[in-house]
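The structure under discussion appears below in the form of structure tokens.
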2 protein chains.
Amino acid sequence: MHQILRNTLSPGINLTDEQWAFVLSHYKPKITKRNEILLEKGKVSQYLYFVVKGCLRIFLIDDEGQEATRFLIFEGKFGTAFPSFILREPSVASIQSIEPSELLMISYNDYQMLMDTVPGWERLNHRGLQQDYIDAIVRIESLITMDAKERYDILMKRNPKMIQRLPGKIVADYLGISQETLSRLKARKDR
Amino acid sequence: MHQILRNTLSPGINLTDEQWAFVLSHYKPKITKRNEILLEKGKVSQYLYFVVKGCLRIFLIDDEGQEATRFLIFEGKFGTAFPSFILREPSVASIQSIEPSELLMISYNDYQMLMDTVPGWERLNHRGLQQDYIDAIVRIESLITMDAKERYDILMKRNPKMIQRLPGKIVADYLGISQETLSRLKARKDR
DNA sequence: AACGAAAGTTGACAAAAGTCAATAAAACGG
DNA sequence: CCGTTTTATTGACTTTTGTCAACTTTCGTT
């Protein structure tokens with residue numbers, strides 16, 4: 001498992017085998033079951049997760065039980081309830097592993113420690129964050145400029161595996177639409 | 001002008017006067033007129049701007065002339081067409097100074113150079129980016145979970161100056177709604 | 001393999017928001 | 001300060017999307 005993480009990160013940083021061993025030793029393996037909750041809302045997010053296999057979902061749930069998916073994290077990506085993890089505040093979002101998954105998790109303290117200790121580690125994380133921020137900007141743009149059908153078409157084009165692999169209700173609340181609307185979008189082939 | 005930038009950054013970094021002089025020397029002042037375009041879409045964003053006075057708008061414009069505001073940047077904040085600035089690709093967004101403004105601008109090369117040169121500079125920028133990303137996440141959440149009225153109410157509560165200060169059409173396309181809808185939201189005082 | 005639960009589909013209707021158009025108000029620039 | 005241009009408001013109507021409910025299908029679990 002750690003080898004996959006190393007392969008994912010190594011293009012962005014040059015470390016000795018000793019440094020790699022040190023870094024990787026702080027990522028603890030975790031196996032999850034389908035729909036297992038990793039973080040309940042209201043608690044402070046203590047871990048950043050790397051998905052080796054499976055899929056995580058960062059989601060919101062309101063008083064009426066309505067859910068909305070903030071992010072979906074697939075193989076080879078990192079994720080957590082970011083505002084909570086960084087600001088050390090109770091999370092408004094929960095984290096769930098949608099599928100049985102293999103994860104590597106690092107604690108907040110270790111994460112920060114590596115930044116201060118490992119040369120290039122902060123740069124690597126900074127770069128990753130830049131990409132995450134860019135992805136968020138693109139998502140904001142799709143939400144303010146497109147209707148449901150356009151957003152669905154673009155998701156289908158850019159990330160078809162997400163649609164194939166996940167329950168429609170999750171795709172729907174990731175797109176910010178109802179499950180019924182998504183079902184109708186899929187039905188109509190026209191325009 | 002540079003003093004304001006120094007005061008804004010100094011809580012996050014400890015530099016000698018010489019280091020400050022070095023950093024600040026790379027921020028060039030720029031005075032803009034109302035509605036002046038700082039970046040046209042299709043060009044690569046070369047500068048990161050710090051707003052000393054006034055307001056910048058990062059916006060999208062489609063083939064039919066429909067505009068959508070990606071971000072608004074007020075006094076004391078940084079902004080640019082971020083994906084273009086970082087990825088060195090043509091920007092899909094344009095940048096405009098909505099009001100006559102006083103800016104400090106730093107080039108991409110100088111920005112990167114400071115990261116490699118000034119101790120603590122990367123950490124400072126990393127922190128700033130974390131907050132920007134968190135703001136983006138909050139905005140995504142408001143877009144996928146709330147209707148127009150709720151988004152308006154929250155903006156009114158958290159950032160009333162934005163509504164007071166800016167033309168309604170810009171507030172509207174920042175919220176992802178039409179100008180007419182915004183006008184009607186303002187009218188109805190109920191629920 | 002079969003049962004039960006969860007997810008998906010569809011229809012009917014309601015609510016939200018967009019569009020077009022006319023008018024009123026406000027703001028900019030000389 | 002005045003005229004021109006932009007912006008805001010309002011009405012009528014359309015389109016999109018949501019909600020509720022019934023029914024079907026799929027999928028997990030034993």
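No hydrogens, no waters, no symmetry mates; every other heavy atom, side chains included, goes into these values.
Aromatic ring orientation, His126(A) versus His126(B): parallel (interplanar angle below 30°, classes split at 30° and 60°).
If you run salt bridge (Lys or Arg N to Asp or Glu O under 4.0 Å) between Asp153(A) and each of Arg151(A), Lys149(A), Lys157(A), only Lys149(A) comes through.
Here Leu166(A) contributes atom CG and Arg57(A) contributes atom CZ; the two are 9.5 Å apart, rounded to the nearest 0.5 Å.
Comparing dT17(D), dG28(D), dA17(C) by their closest approach to the side chain of Arg34(A) singles out dG28(D). Residue Ser178(B) places its side chain closer to dT19(C) than to any other of dT19(C), dT10(C), dA17(C).
No single ILVMFWY cluster, assembled from side-chain heavy atoms under 4.5 Å apart, contains both Leu56(A) and Ile98(A).
Between the side chains of Gln46(B) and Arg88(B), a donor-acceptor pair is found at a separation under 3.5 Å. Under 3.5 Å, the side chains of Gln3(A) and Asn7(A) contain a donor-acceptor pair of N or O atoms.
Taking only distance into account, the side chain of Arg184(B) meets the base of dG11(D) through a donor-acceptor pair shorter than 3.5 Å.
The side chain of Ser183(A) places no N or O atom within less than 4.0 Å of a non-bridging phosphate oxygen (OP1 or OP2) of dG8(C). At the phosphate of dT16(D), neither OP1 nor OP2 sits under 4.0 Å from any side-chain N or O atom of Lys149(A). For dT17(D), the OP1/OP2 oxygens have no side-chain nitrogen or oxygen of Thr181(A) closer than 4.0 Å.
Remark: nothing in residues 55-66 of chain B comes within less than 4.0 Å of DNA chain D through any heavy atom. Near DNA chain C, meaning a heavy atom under 4.0 Å away, there are no residues from residues 160-171 of chain B.
A cation-pi arrangement is present between Lys161(B) and Phe74(B), with the terminal nitrogen or guanidinium carbon under 6.0 Å from the aromatic centre and inside a 45° cone about the axis.
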Using distance only, find each side-chain donor-acceptor pair of residues 134-144 of chain B under 3.5 Å and give its atom names and separation, not counting sequence neighbours.
from, atom 1, to, atom 2, distance (Å)
Asp135(B), OD1, Gln131(B), NE2, 3.1
Arg139(B), NH1, Arg70(B), O, 2.5
Arg139(B), NH2, Thr69(B), O, 3.1
Arg139(B), NH2, Arg70(B), O, 3.2
Arg139(B), NH2, Tyr174(B), O, 3.2
Glu141(B), OE2, Arg70(A), NE, 2.3
Glu141(B), OE2, Arg70(A), NH2, 2.6
Ser142(B), OG, Arg139(B), O, 2.8

